[in-house]
Chemist: 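Below is a structure I'd like to ask you about.
Keep in mind that the numbers below use all heavy atoms, side chains included, and drop hydrogens, waters and symmetry copies. By convention in this document, chain letters (A, B, ...) are assigned in the order of the sequence lines, proteins followed by strands, and residues within each chain are numbered from 1.
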Protein chains: 4
Amino acid sequence: MTRQKPVKRPADEGKMSSENREKILTTALALFTERGFFGTPTSLISKEAGVATGTLFFYFPTKEELIDTLYRRIKSEAAQEMCRGFDTEKTAQSKIRCLGINAVVWGIQNPAKLKFMEQFAYSPFVSTTAHEEGMSHFHFLRNLVEEGIREGAIRDTDPSLLFCMMASSLSGLIAQASGTADPAEREKIIKEGLDFIWNGLKA
Amino acid sequence: MTRQKPVKRPADEGKMSSENREKILTTALALFTERGFFGTPTSLISKEAGVATGTLFFYFPTKEELIDTLYRRIKSEAAQEMCRGFDTEKTAQSKIRCLGINAVVWGIQNPAKLKFMEQFAYSPFVSTTAHEEGMSHFHFLRNLVEEGIREGAIRDTDPSLLFCMMASSLSGLIAQASGTADPAEREKIIKEGLDFIWNGLKA
Amino acid sequence: MTRQKPVKRPADEGKMSSENREKILTTALALFTERGFFGTPTSLISKEAGVATGTLFFYFPTKEELIDTLYRRIKSEAAQEMCRGFDTEKTAQSKIRCLGINAVVWGIQNPAKLKFMEQFAYSPFVSTTAHEEGMSHFHFLRNLVEEGIREGAIRDTDPSLLFCMMASSLSGLIAQASGTADPAEREKIIKEGLDFIWNGLKA
Amino acid sequence: MTRQKPVKRPADEGKMSSENREKILTTALALFTERGFFGTPTSLISKEAGVATGTLFFYFPTKEELIDTLYRRIKSEAAQEMCRGFDTEKTAQSKIRCLGINAVVWGIQNPAKLKFMEQFAYSPFVSTTAHEEGMSHFHFLRNLVEEGIREGAIRDTDPSLLFCMMASSLSGLIAQASGTADPAEREKIIKEGLDFIWNGLKA
DNA sequence: TATGAATGAGGCTTCATTCAT
DNA sequence: GATGAATGAAGCCTCATTCAT
């Protein structure tokens with residue numbers, strides 16, 4: 001008898017993702033983005049996912065819980081993607097630029113996920129716990145701004161404000177960049193958008 | 001074929017024209033921002049507005065139409081407020097700054113209306129006609145950006161992009177500024193936020 | 001001062017038919033035939049008639065009463081039309097044939113009224129009083145059948161049955177005859193239909 | 001987002017397949033004939049059928065669809081009953097008589113179904129598709145009439161007309177025959193009614 | 001694990017009717 | 001007589017959720 005160290009599962013996404021569970025999540029994401037949380041009955045999700053009504057509620061005791069799960073998953077994925085190639089950067093400035101590019105690229109390549117998160121963020125009903133928890137992934141960005149200020153690269157102002165302005169500008173930039181299919185054009189938009197942001201930030 | 005016998009209403013309701021219509025709109029705005037479109041039954045709106053269910057549907061054939069009406073009204077009000085004291089400004093730069101201040105002030109003073117518009121903007125179901133119609137109020141802003149470019153005050157880039165970045169930054173700024181109650185602090189945030197934006201825009 | 005004998009008004013249709021009252025009745029007939037009793041809101045009737053909601057209820061305290069009035073009016077008109085040129089006929093046979101023709105002609109020329117009466121006859125909800133009262137107009141037909149039997153022209157059978165068979169055959173004939181626009185064709189159908197009926201009745 | 005907590009149902013409902021569906025149909029038929037389509041709320045149907053509101057709509061997405069289903073079912077049943085013992089008859093005449101008897105007997109024994117069909121036939125709102133589909137069951141009757149004409153037993157006239165007159169006469173006969181409870185009397189009425197029809201048809 | 005029939009509270013909307021003007 | 005805003009009971013239908021199999 002072989003003993004195995006039970007693998008430490010990251011708190012939330014533990015339930016050994018069965019195939020059905022994944023199908024449900026994928027389908028739900030697509031439908032929620034197209035039709036909104038309230039325009040999407042759970043019955044439709046299960047039908048499109050090819051499972052029974054009961055199956056959905058086996059994995060997610062509540063519609064709300066399904067939404068939350070999706071939110072947490074996407075948020076953490078986004079945070080992760082945002083850090084790609086982060087360690088190799090040296091200055092705060094280059095880190096921030098790297099992060100901005102990552103964010104924009106991710107947003108363009110995952111429009112459904114982005115739309116989902118926006119919808120979630122602006123829906124007055126959803127569980128606020130998930131909301132706050134989601135934000136926590138981005139605290140490192142705050143730190144980064146503070147670091148930039150100490151380095152003298154970023155203006156010495158309330159880091160919260162800078163963080164917030166930066167985040168909202170990025171979301172505008174993604175929206176704009178998603179509007180073109182042409183890669184050259186897109187490249188240009190991204191470059192200039194990031195310039196806008198950096199000019200706003202720099203000392 | 002008989003339905004009901006309405007109770008005699010107390011004669012204290014000497015209402016002029018569409019007082020009721022206004023009460024409904026006001027109540028709806030408050031409830032929608034608190035509880036969301038879908039968390040707010042029409043029955044609750046009419047109850048809180050102090051009118052009968054039928055009255056709501058007398059003025060707005062559909063819940064959706066009520067929402068749309070609210071949207072159009074707020075959007076046009078916002079556009080109007082944004083232009084306050086606009087004509088006295090000479091340069092594109094001062095105009096844009098004036099406009100920014102107006103936007104932030106309006107946002108801070110009308111949090112419910114702002115929240116409503118955000119919710120509306122990010123709800124995948126709502127009538128797109130109202131959406132587009134709403135945007136039309138802000139075309140003058142695009143023109144303003146173009147004017148600034150011609151003047152040489154704003155950098156020569158895709159005005160759409162600049163407009164979009166500016167708008168999203170402003171919304172972030174409002175959110176941040178709404179966080180403080182202290183007027184001095186708020187003043188400072190606004191000033192620095194507008195600096196951020198202007199630095200992003202300027203040539 | 002001239003005294004005038006107040007004209008004796010026939011019990012029901014007394015209310016000095018105002019123009020509005022007539023417009024309402026006419027409109028209601030058209031709408032009921034097209035859309036059914038329940039598919040026709042009183043609000044639609046008054047709108048199409050060009051009067052206010054309240055006006056309809058001024059003349060007809062109830063929707064049901066409006067329907068009944070229409071029914072009584074049409075039924076009595078139909079009965080009257082059925083007797084056209086009746087007195088000049090001598091034998092029961094010729095009387096019956098005359099009546100049959102009248103019925104068919106009226107039915108073809110007043111399809112809306114016919115449809116209304118059928119709908120009324122087969123609606124389980126409508127006031128039965130109007131139902132029975134309507135039938136009273138046709139008692140003379142029963143008498144006619146009995147007369148024919150005494151004359152030896154009609155088979156000696158339960159007159160109720162004969163009356164009933166005759167009536168239902170006539171309604172079938174009208175339906176069939178209404179199907180053609182061509183007058184010659186129609187003439188032929190009517191002739192043969194009446195033959196069918198007379199062959200069924202005769203001794 | 002939570003709705004309700006269903007009570008534990010007593011385990012006495014070991015239902016096979018769509019027992020509920022049948023209960024709904026049966027109950028609906030009874031109620032519709034008593035109170036009319038519009039006098040019968042779906043809520044009353046489900047209550048009387050002993051099922052939940054949702055159950056009705058699980059089986060019939062619409063009230064109209066429930067009515068249609070009922071119509072189609074009854075119509076096809078009636079058509080089937082009308083052909084009982086049909087094959088053993090040799091001549092068109094005997095076939096028609098057989099069919100007439102079958103029709104009358106079915107009508108007398110199924111007054112609710114008959115009333116339902118009449119109500120359906122004269123309701124201006126109902127789906128015309130079901131209407132036409134229902135009629136298709138009776139095309140063989142048309143053929144029968146044509147056969148009789150070729151045999152020389154039926155007079156040589158538009159078969160559509162004859163079919164139509166026959167059908168309407170039959171419906172009158174059923175109504176009349178249903179009026180008596182006395183079997184001898186009833187027998188007599190049927191016989192004489194069929195004579196009426198045959199005399200109308202024969203060459 | 002999976003299924004899907006069953007539940008029933010609750011949502012949106014309709015419409016006959018009233019009544020103050 | 002005429003108007004039409006106001007009423008509110010009641011109708012149809014949706015949908016998150018349960019549970020026996």
Side-chain angles (χ1 to χ4, degrees), chain A residues 18-21 38 40-47 51-64 66, chain B residues 1-9 11 13-15 17-21 38 40-47 51-64 66, chain C residues 18-21 38 40-47 51-64 66, chain D residues 1-9 11 13-15 17-21 38 40-47 51-64 66:
Chain A
S18 85
E19 203 180 313
N20 278 343
R21 192 168 188 272
F38 289 93
T40 309
T42 54
S43 60
L44 182 60
I45 299 173
S46 46
K47 192 205 284 177
V51 303
T53 351
T55 305
L56 189 154
F57 285 92
F58 174 75
Y59 287 112
F60 309 97
T62 297
K63 186 184 185 182
E64 199 176 334
L66 167 58
Chain B
M1 251 159 145
T2 324
R3 288 294 175 80
Q4 85 283 13
K5 20 210 87 191
V7 186
K8 192 156 275 170
R9 282 164 300 151
E13 289 288 30
K15 46 194 60 138
S17 78
S18 350
E19 201 180 310
N20 279 344
R21 192 170 189 273
F38 290 95
T40 309
T42 54
S43 60
L44 181 61
I45 299 175
S46 47
K47 192 204 285 179
V51 303
T53 347
T55 305
L56 190 155
F57 287 93
F58 177 75
Y59 288 110
F60 308 96
T62 302
K63 187 184 184 181
E64 195 177 334
L66 168 58
Chain C
S18 86
E19 204 180 312
N20 278 343
R21 193 171 188 271
F38 289 94
T40 309
T42 54
S43 61
L44 181 60
I45 299 174
S46 47
K47 192 206 285 177
V51 303
T53 351
T55 307
L56 190 153
F57 285 92
F58 175 75
Y59 287 112
F60 309 96
T62 297
K63 186 184 185 182
E64 197 175 336
L66 168 58
Chain D
M1 250 158 144
T2 323
R3 288 295 176 79
Q4 87 282 11
K5 20 210 87 191
V7 187
K8 193 157 271 168
R9 285 165 298 153
E13 291 286 31
K15 44 195 60 143
S17 77
S18 349
E19 201 180 309
N20 279 344
R21 193 170 189 271
F38 290 95
T40 309
T42 54
S43 60
L44 182 60
I45 299 174
S46 47
K47 192 204 286 178
V51 303
T53 347
T55 305
L56 191 154
F57 287 94
F58 177 73
Y59 288 111
F60 308 96
T62 302
K63 187 183 183 182
E64 195 177 334
L66 168 59

Chemist: Rounded to whole angstrom units, what separation is found between the CZ atom of F38(A) and the P atom of dG11(E)?
Modeler: 12 Å

Chemist: Distance check needed: dA6(E) P versus F60(D) CZ, whole Å only.
Modeler: 11 Å

Chemist: Assign each of V51(A) and V51(D) to its nearest nucleotide of DNA chain E by heavy atoms, then name whichever residue's nucleotide is nearer the 5' end.
Modeler: V51(A)

Chemist: Find the distance N20(D):CG to dG8(E):P and express it as a whole number of Å.
Modeler: 12 Å

Chemist: Paired with dG11(F) by Watson-Crick or G-U wobble geometry, both distances under 3.5 Å: which nucleotide is it?
Modeler: dC12(E)

Chemist: At under 4.0 Å, does any side-chain N or O of T42(D) touch on OP1 or OP2 of dC12(F)?
Modeler: yes

Chemist: Return whichever of G54(D) or A52(C) has its heavy-atom-nearest nucleotide of DNA chain F closer to the 5' end.
Modeler: A52(C)

Chemist: From CG of L66(A) over to P of dT17(F), roughly how many Å is that when rounded to an integer?
Modeler: 10 Å

Chemist: Starting at atom CZ of R21(B), determine the distance to atom P of dA6(F), rounded to an integer number of angstrom.
Modeler: 11 Å

Chemist: Please give the nucleotide sitting opposite dT3(E) as a Watson-Crick or G-U wobble pair, both distances under 3.5 Å, or none.
Modeler: dA20(F)

Chemist: To the nearest Å, how far apart are Y59(B) OH and dG4(F) P?
Modeler: 13 Å

Chemist: What's the spacing between S18(D) OG and Y59(D) OH if we round to 0.5 Å?
Modeler: 5.0 Å

Chemist: Tell me which nucleotide among dC15(F), dG11(F), dT3(E) gets nearest to the side chain of P41(D).
Modeler: dG11(F)

Chemist: Would you give the length of the straight line joining atom CG of L56(B) to atom CG of L44(B), rounded to the nearest 0.5 angstrom?
Modeler: 11.0 Å

Chemist: Mind listing the closest non-hydrogen atom pair of A52(A) and S46(A) along with its distance?
Modeler: O-CB, 3.7 Å

Chemist: Evaluate the side-chain proximity of L66(B) to T42(B): yes if any heavy-atom separation is below 4.5 Å, no if none is.
Modeler: no

Chemist: Here's a test of your reading of the structure: between F58(A) and S43(B), which maps to the more 5' nucleotide of DNA chain E?
Modeler: F58(A)

Chemist: Counting side-chain heavy atoms from CB outward, which of dT17(F), dG8(E), dG8(F) is closest to T53(D)?
Modeler: dG8(E)

Chemist: Give the rounded distance in Å between these two atoms: CG of L56(D) and C1' of dC15(F).
Modeler: 16 Å

Chemist: Rounded to whole Å, how long is the line connecting atom CZ of F57(C) with atom P of dG4(F)?
Modeler: 15 Å

Chemist: I'd like to check R21(D) versus F60(D) (side-chain heavy atoms, cut-off strictly below 4.5 Å). Are they in contact?
Modeler: yes

Chemist: Does T55(A) put a side-chain nitrogen or oxygen below 4.0 Å from OP1 or OP2 of dT3(E)?
Modeler: yes

